[in-house]
Amino acid sequence: MTAEVMSGVILGQAEHSQLAGAVVSGLSLGTIYALLAMGFVIIFKATQVVNFAHGALATVGAFITAGVAVELNFPGRFLDVHPLFGWSISVMTALVLSALMGIILERIFLRPMVGEDLFSVAIVTLGMNVILMTIVTDYIGPDPRSMADPWGDAVADLGFVIIAHTEIAQFIVAVALVLLVAAFFRSRTGIAMRATAFDQEAARAQGIKVGAIFAIAWAIGAVLATVGGIFGSVYPRRVGVYSDTALLVFRAFPAIILGGLDSVVGAVIGGLSVGVAEALAGSYLNHPWFGTGFSGIVPYLLMVGVLFIRPYGIFGTEEIRRV
């Protein structure tokens with residue numbers, strides 16, 4: 001059982017339930033997967049592009065947050081504010097910059113590819129991933145970059161389980177973002193995005209600016225990736241931004257496939273399911289027969305099992321083609 005997976009429980013204390021700790025830890029991990037999966041799904045839903053640069057977006061976004069909060073010390077350099085409020089301002093500033101980054105990347109790399117084969121577009125996103133990760137790895141270097149979050153390693157003892165303050169904040173933020181995304185898809189712009197996802201040509205005929213919808217989708221995807229990268233870079237997961245933060249998205253990929261590539265609801269349920277499965281495996285399937293890294297492959301086994309039954313994911317849209 002690794003510290004990264006079983007973060008919600010302190011082992012060796014009999015008064016705390018191992019099962020409760022595993023579930024809380026799994027839900028904590030699952031919310032990170034869900035946030036990353038939602039960003040991926042929104043980009044795919046609007047543009048039909050499989051974004052292989054999503055991990056890079058998460059890493060760069062988290063790095064921007066660390067830079068704003070620590071290197072620039074904004075707004076603490078200019079205002080004497082409460083640490084939580086100051087860090088929140090830093091994060092909001094970083095999210096705005098991340099959204100702009102998403103818009104710029106879509107404009108430079110993806111807009112010229114409109115109408116091209118989707119496989120070619122996916123390869124372009126793979127190239128974007130290499131470019132972004134090369135740049136950010138050079139800046140991060142071998143040492144992690146602190147997020148300077150106000151909670152540190154503080155924990156709350158609920159009697160049956162110990163949970164980190166960062167995990168409590170993570171649950172609150174995740175719920176708020178899910179509600180905001182749900183409200184967005186009921187707005188005029190959200191309906192336009194759904195129409196664009198259904199049929200781009202028909203959307204253009206109705207006066208929808210498809211290019212603007214693509215840019216918005218990439219901005220939202222970058223923001224959600226950044227939030228996932230932030231919570232994946234603080235205690236108890238990590239103690240800073242590493243150059244391999246992008247691997248979080250690869251670990252979240254089973255959640256994306258399990259829920260369905262074009263389903264936001266599936267992304268949330270898939271993320272939570274995969275997180276809990278991974279945490280339970282890390283807690284209970286730690287016998288030497290399985291090997292030390294068995295919990296890491298459990299999400300992929302779960303994904304394969306679901307795909308045997310539902311090839312398009314639990315909530316994915318089934319495509320029917322006449323042959």
Side-chain angles (χ1 to χ4, degrees), residues 33-54 56-58 61 95-118 120-122 124-125 128 173-228 249 252-253 255-271 312-319:
Y33 290 163
L35 290 170
L36 294 170
M38 278 199 304
F40 186 99
V41 165
I42 286 174
I43 290 176
F44 180 83
K45 191 176 180 67
T47 66
Q48 298 300 303
V49 172
V50 177
N51 178 24
F52 288 110
H54 204 61
L57 292 179
L95 292 181
V96 171
L97 294 175
S98 296
L100 290 175
M101 174 184 67
I103 293 172
I104 292 171
L105 290 174
E106 188 276 333
R107 182 65 182 179
I108 294 175
F109 293 100
L110 279 305
R111 191 69 62 87
M113 298 295 293
V114 171
E116 299 294 334
D117 181 72
L118 292 179
S120 301
V121 181
V124 169
T125 67
M128 288 168 51
V173 170
V175 170
L177 287 175
V178 169
L179 293 176
L180 284 174
V181 169
F184 168 77
F185 277 110
R186 287 175 171 80
S187 68
R188 186 180 183 87
T189 303
I191 293 172
M193 184 176 290
R194 289 159 59 187
T196 301
F198 184 75
D199 190 324
Q200 292 182 16
E201 295 302 324
R204 284 193 179 94
Q206 295 297 318
I208 296 174
K209 297 180 179 179
V210 173
I213 294 299
F214 287 176
I216 292 171
W218 274 83
I220 295 173
V223 167
L224 291 171
T226 297
V227 176
V249 172
F253 200 69
I256 300 168
I257 301 299
L258 188 151
L261 278 172
D262 60 350
S263 173
V264 175
V265 173
V268 175
I269 295 177
Y312 296 97
I314 298 174
F315 295 94
T317 302
E318 183 175 356
E319 294 184 9

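One is the number of the first residue; the rest follow in order along the sequence.
The side chain to side chain donor-acceptor pair (under 3.5 Å) contacts involving residues 96-115 comprise Ser98-Thr226, Glu106-Arg111, where partners must be two or more places apart or lie in separate chains. Identified under the salt bridge (Lys or Arg N to Asp or Glu O under 4.0 Å) test for residues 203-214, with sequence neighbours left out: Glu201-Arg204. Residue pairs meeting the salt bridge (Lys or Arg N to Asp or Glu O under 4.0 Å) criterion with at least one partner in residues 183-199, sequence neighbours excluded, are absent.
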Derivation of the side chain to side chain contact (heavy atoms under 4.5 Å, CB included) call for Ile42 and Val181: CA-CA 9 Å; Ile42 286 174; Val181 169; 4.1 Å; yes
Side chain to side chain contact (heavy atoms under 4.5 Å, CB included) evaluation trace for Leu110 with Thr125: CA-CA 8 Å; Leu110 279 305; Thr125 67; 4.2 Å; yes
Criterion side chain to side chain contact (heavy atoms under 4.5 Å, CB included) on Asp262 and Phe315, from CA distance to verdict: CA-CA 8 Å; Asp262 60 350; Phe315 295 94; over 6 Å; no
Test log, rule side chain to side chain contact (heavy atoms under 4.5 Å, CB included), inputs Met113 and Val49: CA-CA 11 Å; Met113 298 295 293; Val49 172; over 6 Å; no
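What you find for Tyr33 and Ala252 is that their closest heavy atoms are CD2-CB, 3.7 Å. Closest non-hydrogen pair, Ser263 versus Gly259, comes out as CB-O, 4.0 Å. Scanning all heavy atoms of the two residues, the minimum distance from Ala174 to Leu35 falls at CA-CD2, 4.3 Å. Scanning all heavy atoms of the two residues, the minimum distance from Gly221 to His54 falls at O-CE1, 3.6 Å. The two residues Ala267 and Val41 make their nearest non-hydrogen contact at CB-CG2, 4.0 Å. Residues Ala58 and Leu36 share a closest heavy-atom pair of CB-CD2, 4.0 Å.
Here the CD1-CD1 distance, from Ile108 to Ile103, works out to 12.0 Å after rounding to the nearest 0.5 Å. For the atom pair OG1 (Thr47) and CH2 (Trp218), the distance works out to 7.0 Å, reported to the nearest 0.5 Å. The structure places CD1 of Ile43 at 13.0 Å from CD1 of Ile216, a figure rounded to the nearest 0.5 Å.
Remark: Phe198 CZ is loosely packed, at most 12 non-hydrogen atoms of other residues, nucleotides or ligands lying under 6.0 Å away.
Of the candidates Val264, Thr189, Ile191, Phe184 forms a side chain to side chain contact (heavy atoms under 4.5 Å, CB included) with just one, namely Thr189.
Ala34 pairs by the side-chain contact (heavy atoms from CB on, under 4.5 Å) definition with nothing, not counting sequence neighbours. Residues passing the side-chain contact (heavy atoms from CB on, under 4.5 Å) test with Leu261, sequence neighbours excluded: Phe40, Phe44, Ile256, Ile257. Residues satisfying the side-chain contact (heavy atoms from CB on, under 4.5 Å) test with Val175, not counting sequence neighbours, are Leu179. With sequence neighbours excluded, the residues satisfying side-chain contact (heavy atoms from CB on, under 4.5 Å) with Thr196 are Gln200, Ala203, Ile208, Val210, Ile213, Phe214.
Between Leu105 and Leu57 there is a side-chain heavy-atom pair separated by less than 4.5 Å.
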